[in-house]
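Working notes for the structure below.
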Amino acid sequence: MARHLITSALPYINGIKHLGNMVGSMLPADVYSRYLRQRGHDVLYICATDEHGTPAELAAKEQGLPVDEFCAQAHDAQKAVYDGFALAFDYFGRSSSAQNVEITQHFARRLNENGFIEERAIRQVYSPTDGRFLPDRYVEGTCPHCGYDRARGDQCENCTRVLDPTDLINPRSAISGSTDLEVRETKHLFLLQSKLQHEVEEWVSRHEDDWPQLASSIARKWLNEGLHDRAITRDLDWGVPVPADTWPELAAEGKVFYVWFDAPIEYIGATKEWSDQEPETRDWKSWWYDVDTDVRYTEFMAKDNVPFHTVMFPATELGVREPWKKVDYVKAFNWLTYYGGKFSTSQKRGVFTDQALEILPADYWRYFLIANAPESDDASFTWEHFTATVNKDLADTLGNFVNRVLSFSKKRFGEEVPAGGEPGEAERKLGEQIAELLAEYETQMESLQFRKAASALRALWSAGNSYLEEKAPWLEIKTDKDGAALTLRTAMNLIHLYAVISEPFIPTTSTAMRQAFSLPDDTATWVSPAEAKSLTTLPAGTPFTVPPVLFAKLTDDDLEEYKERFGGEPA
C-alpha cells in the first residue's frame with residue numbers, strides 16, 4: 001500500500017479560527033486521514049500554526065505582548081481547540097520552529113545558487129508616523145479591482161486578487177492609521193517565478209486533470225496571466241531571517257522572508273519537528289525527499305490558498321533542483337458563508353470554533369460541516385439548517401436507533417445480545433443493502449467527495465431504521481419471541497457496524513457505540529462490504545450496556561438562543 005502524506009493549510013496565528021477555516025482544510029483532512037488509517041494505510045497528517053507575517057506582529061501589539069510570547073500562547077490556544085474537535089494530527093507544529101528556519105534558509109540558498117533569486121531595489125511604502133517601512137499587510141486601503149475598502153497590501157480578502165501595497169487606493173498604515181505615507185527605495189530579494197513559468201506549467205499539466213475543477217482552474221488562471229517575479233523578503237522584526245552568509249547586507253538590515261515563502265516549507269519543517277522527537281524511529285526525509293513513487297501527497301485548503309500551493313510553492317520546489325516531494329492531489333474547497341455573508345477572523349463575524357465547542361460537543365459540528373462541505377460551490381451556514389440536520393440525521397436517524405434497540409432489548413431480554421432464530425429473507429436483503437451502501441461510502445471517501453460520503457453514511461443509518469420498522473420487534477415479540485430476538489441481534493450488529501465505519505465523521509460517538517458492547521478481541525478497524533453482509537460480528541450472549549443519549553435534539557428555544565447570541569444574518 002502507498003504511504004499517504006496529508007497536510008492541511010496552516011491556520012494563521014492571529015486568533016481562534018471560525019467554522020469556515022475548520023471545514024475548508026483541517027476537518028476534511030482529519031476525516032480522510034482517519035479513514036485511511038482504518039483501511040490499513042500508513043498515514044502521516046501534518047499541520048502547524050503559521051506564525052510569521054504582519055498580522056502576528058499586529059495581534060501581539062494589540063495584546064501588549066512580545067510577538068514570540070504571543071505566538072507561543074496562541075499556538076497552545078489553537079491546539080486546545082483542535083484537540084476539542086478530535087483532530088488526530090500526527091504532529092501539529094509551529095512555523096517559527098528552528099527546523100523551519102533551517103529548511104527555509106536552505107531553500108533560499110539553493111534557489112540563489114540556481115539563479116532564481118535576485119536582489120532588487122524597489123520603492124516601498126514608508127510611514128514617517130511609524131518610523132518604518134510598511135510590509136504589505138501593514139498597508140490597508142481600497143482594492144482597485146472590486147472597491148473593497150479594507151483590502152490588505154498583499155491580497156484583497158473580498159475578491160482574492162493578489163496586490164502590492166502601492167496598488168491600493170487611499171492607503172493607510174495598519175499600525176497607526178496614518179495616511180501620511182511616502183514611497184522610498186529599499187532592497188529586497190525576489191523569487192524569479194517568471195524563469196520557472198514553463199516548468200510550473202508542465203508540472204501543473206500533469207496533475208490538473210486529476211484535481212478538482214476548483215483547484216485546477218485557479219492554478220491555470222494564474223499561469224495564463226503569467227507568473228511574475230515576487231518579493232520574498234519583508235521589513236519585519238519577526239520571521240525567518242535572511243541568512244547572513246549569503247546576503248550580509250540584507251541580514252544586517254533585519255530582513256526576514258515573506259510568510260508565504262516560509263509557510264508552505266513548514267509542512268516539511270513540521271515533519272522534521274515530528275521526526276526530531278524520536279529520531280531513532282522516525283525519518284522525516286523518507287516522507288519528503290526522493291519519494292515520488294512511494295508517497296501519495298494530498299493537500300487540503302480553501303480556494304484562497306490554492307494559488308500559493310499549486311503555483312508558488314511548486315515553483316520554489318522546482319527551483320531548488322532537489323527531489324523534494326510535490327503534491328499529488330489538491331483538495332480545494334469553496335467558502336462556508338454565514339447566512340450568505342463571509343466568515344471573517346479579522347472582523348469577528350460568524351461562529352468561531354471555540355464558541356462552537358462551548359455550545360455542543362465536537363461530533364455535532366464535525367458531521368454537519370462535512371455533510372455540508374462547500375465542495376462544488378459556496379455553502380451557507382444557518383442555525384435553522386444546523387438544527388434541522390442535527391435533529392434529523394444525528395438525533396433521530398442514528399441516536400434514536402441506537403437507544404431504542406438497546407433499551408428495548410435490555411427491557412425484554414436482559415443485558416446480553418439475545419440469540420433468537422436463524423436469519424431470514426429480511427436479514428438477507430438487509431445484508432445486501434448494507435454491503436451496497438458501504439461500497440458506495442468507500443468509493444466516495446476514496447475519491448474525497450465528502451458530501452456524497454456523508455450521504456452514503458446517512459443512508460446506511462437509515463437502512464437500520466427501515467429494517468426496524470419493517471420487523472417491528474415491539475409487535476413481533478407478542479407472537480414470535482425468537483423472531484424479535486433475531487431482529488434485535490441483527491440491529492445490534494448494525495450498531496457495531498455503524499460504530500466502526502462512522503469513526504472518521506463522529507469519532508467520540510463511535511467510541512461510545514463500540515464500548516456499549518463487551519466484545520472480546522474487538523480489534524477490527526474496518527468492515528468490508530462482503531463482511532457486512534452477514535451482520536454476525538456480535539454473537540449471542542455478548543454483554544452490552546445502554547449508553548447515554550448520543551445526540552440531544554435541539555429545540556426551538558435552542559435555535560432562538562443561538563440566533564440571539566450570534567445573529568440570524570451577517571453584520
Side-chain angles (χ1 to χ4, degrees), residues 1 33-43 86 88 361 363 398-424 426-428 430-435 437-439 441-442 445 457 460-461 463-465 467-468 471 473 477 481-551:
M1 288 186 176
S33 298
R34 286 177 175 274
Y35 171 75
L36 290 175
R37 290 190 193 105
Q38 285 187 272
R39 299 303 305 275
H41 295 281
D42 188 5
V43 177
D363 282 358
L398 178 61
N400 187 49
F401 176 78
V402 173
N403 181 263
R404 64 177 176 162
V405 167
L406 297 182
S407 296
F408 184 72
S409 189
K410 178 182 177 181
K411 179 179 178 182
R412 303 307 296 264
F413 293 99
E415 297 182 343
E416 293 183 349
V417 175
E422 291 299 312
E427 287 70 38
R428 187 195 65 77
L430 174 65
E432 293 286 348
Q433 182 185 17
I434 292 296
L437 291 171
L438 182 54
Y441 179 52
E442 290 179 350
M445 289 292 279
L457 181 60
L460 280 158
W461 298 342
N465 284 276
Y467 169 75
L468 205 63
K471 293 296 294 287
I477 197 169
K481 190 173 182 179
D482 281 350
L486 166 66
T487 300
L488 293 169
R489 189 180 80 232
T490 303
M492 289 185 194
N493 273 279
L494 278 176
I495 293 172
H496 187 271
L497 171 73
Y498 296 161
V500 175
I501 66 173
S502 303
E503 192 263 349
F505 281 71
I506 48 173
T508 303
T509 305
S510 291
T511 298
M513 287 192 288
R514 197 158 181 166
Q515 291 177 346
F517 303 101
S518 298
L519 182 64
D521 302 321
D522 186 11
T523 58
T525 59
W526 195 252
V527 182
S528 71
E531 293 169 332
K533 282 185 180 181
S534 64
L535 294 171
T536 56
T537 299
L538 294 173
T542 302
F544 72 89
T545 58
V546 182
V549 173
L550 298 181
F551 294 100

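What you see is a predicted model, and the numbers here were worked out from it, not measured in a lab.
By the 4.5 Å heavy-atom criterion applied to side chains, Val405 and Leu494 are not counted as neighbours. At a threshold of 4.5 Å between non-hydrogen side-chain atoms, the residues Leu550 and Phe401 do not count as touching. Side-chain contact between Glu442 and Arg39: present, with at least one pair of heavy atoms (C-beta onward) separated by less than 4.5 Å. Between Phe544 and Lys410, the closest side-chain pair of non-hydrogen atoms falls below 4.5 Å. Counting heavy atoms from C-beta outward, Pro418 and Arg412 have side chains that stay 4.5 Å or more apart. Looking only at side-chain heavy atoms (C-beta outward), Thr545 and Glu415 stay at 4.5 Å or farther from each other. Here the side chains of Pro539 and Val417 are not in contact, with every heavy-atom distance at 4.5 Å or above.
With rounding to the nearest 0.5 Å, the separation of CD1 in Ile495 from CG in Leu535 is 11.5 Å. A distance of 8.0 Å separates CG of Asp521 from CG of Leu519, quoted to the nearest 0.5 Å. Rounding to the nearest 0.5 angstrom, the gap separating the CG atom in Asn465 from the CG atom in Leu460 is 12.0 Å. Atoms OG1 and CG, from Thr490 and Leu497 in turn, are 12.5 Å apart once rounded to the nearest 0.5 Å.
When atom types are taken as modelled, the side chain of Ser407 and the backbone of Arg404 share no donor-acceptor pair closer than 3.5 angstrom. In this structure a side-chain-to-backbone donor-acceptor pair under 3.5 Å is present from Gln38 to Thr525.
Here salt bridge (charged side-chain N to carboxylate O under 4.0 Å, His left out) pairs that include residues 536-547, with residues two or more places apart or in two chains, number zero. The salt bridge (charged side-chain N to carboxylate O under 4.0 Å, His left out) pairs that include a residue from residues 524-544 are Glu432-Lys533, where partners are two or more places apart or lie in different chains.
Closest heavy-atom contact between Ala463 and Leu430: O-CD1, 4.0 Å. When all heavy atoms are compared, the tightest approach of Leu438 to Ala532 is CD2-CB, 3.9 Å. Residue Val402 comes nearest to Pro547 through the heavy atom pair CG1-CG, 4.4 Å, listed as atom of the first residue, atom of the second, then distance.
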Please table the atom pairs, donor to acceptor, closer than 3.5 Å between any side-chain atom in residues 500-515 and protein atoms at least two apart or in another chain.
| unit_1 | atom_1 | unit_2 | atom_2 | d |
| --- | --- | --- | --- | --- |
| Ser502 | OG | Trp461 | NE1 | 3.2 |
| Ser502 | OG | Tyr498 | O | 2.7 |
| Glu503 | OE2 | Arg34 | NH1 | 2.5 |
| Thr509 | OG1 | Asp363 | OD2 | 2.7 |
| Ser510 | OG | Ala499 | O | 3.2 |
| Ser510 | OG | Glu503 | N | 3.2 |
| Ser510 | OG | Ile506 | O | 3.0 |
| Thr511 | OG1 | Pro507 | O | 3.0 |
| Arg514 | NE | Asp522 | OD2 | 3.1 |
| Arg514 | NH1 | Ala524 | O | 3.1 |
| Arg514 | NH2 | Asp522 | OD1 | 3.1 |
| Arg514 | NH2 | Ala524 | O | 2.3 |

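A side-chain N or O of Glu427 and one of Tyr467 form a donor-acceptor pair less than 3.5 Å apart.
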Quiz item: Do Phe517 and Leu406 pass the side-chain contact (heavy atoms from CB on, under 4.5 Å) test, and can you show the C-alpha distance, the side-chain angles, and the key distance before you say yes or no?
Solution: CA-CA 10 Å; Phe517 303 101; Leu406 297 182; 4.0 Å; yes

Quiz item: Do Val527 and Thr537 pass the side-chain contact (heavy atoms from CB on, under 4.5 Å) test, and can you show the C-alpha distance, the side-chain angles, and the key distance before you say yes or no?
Solution: CA-CA 10 Å; Val527 182; Thr537 299; 5.7 Å; no

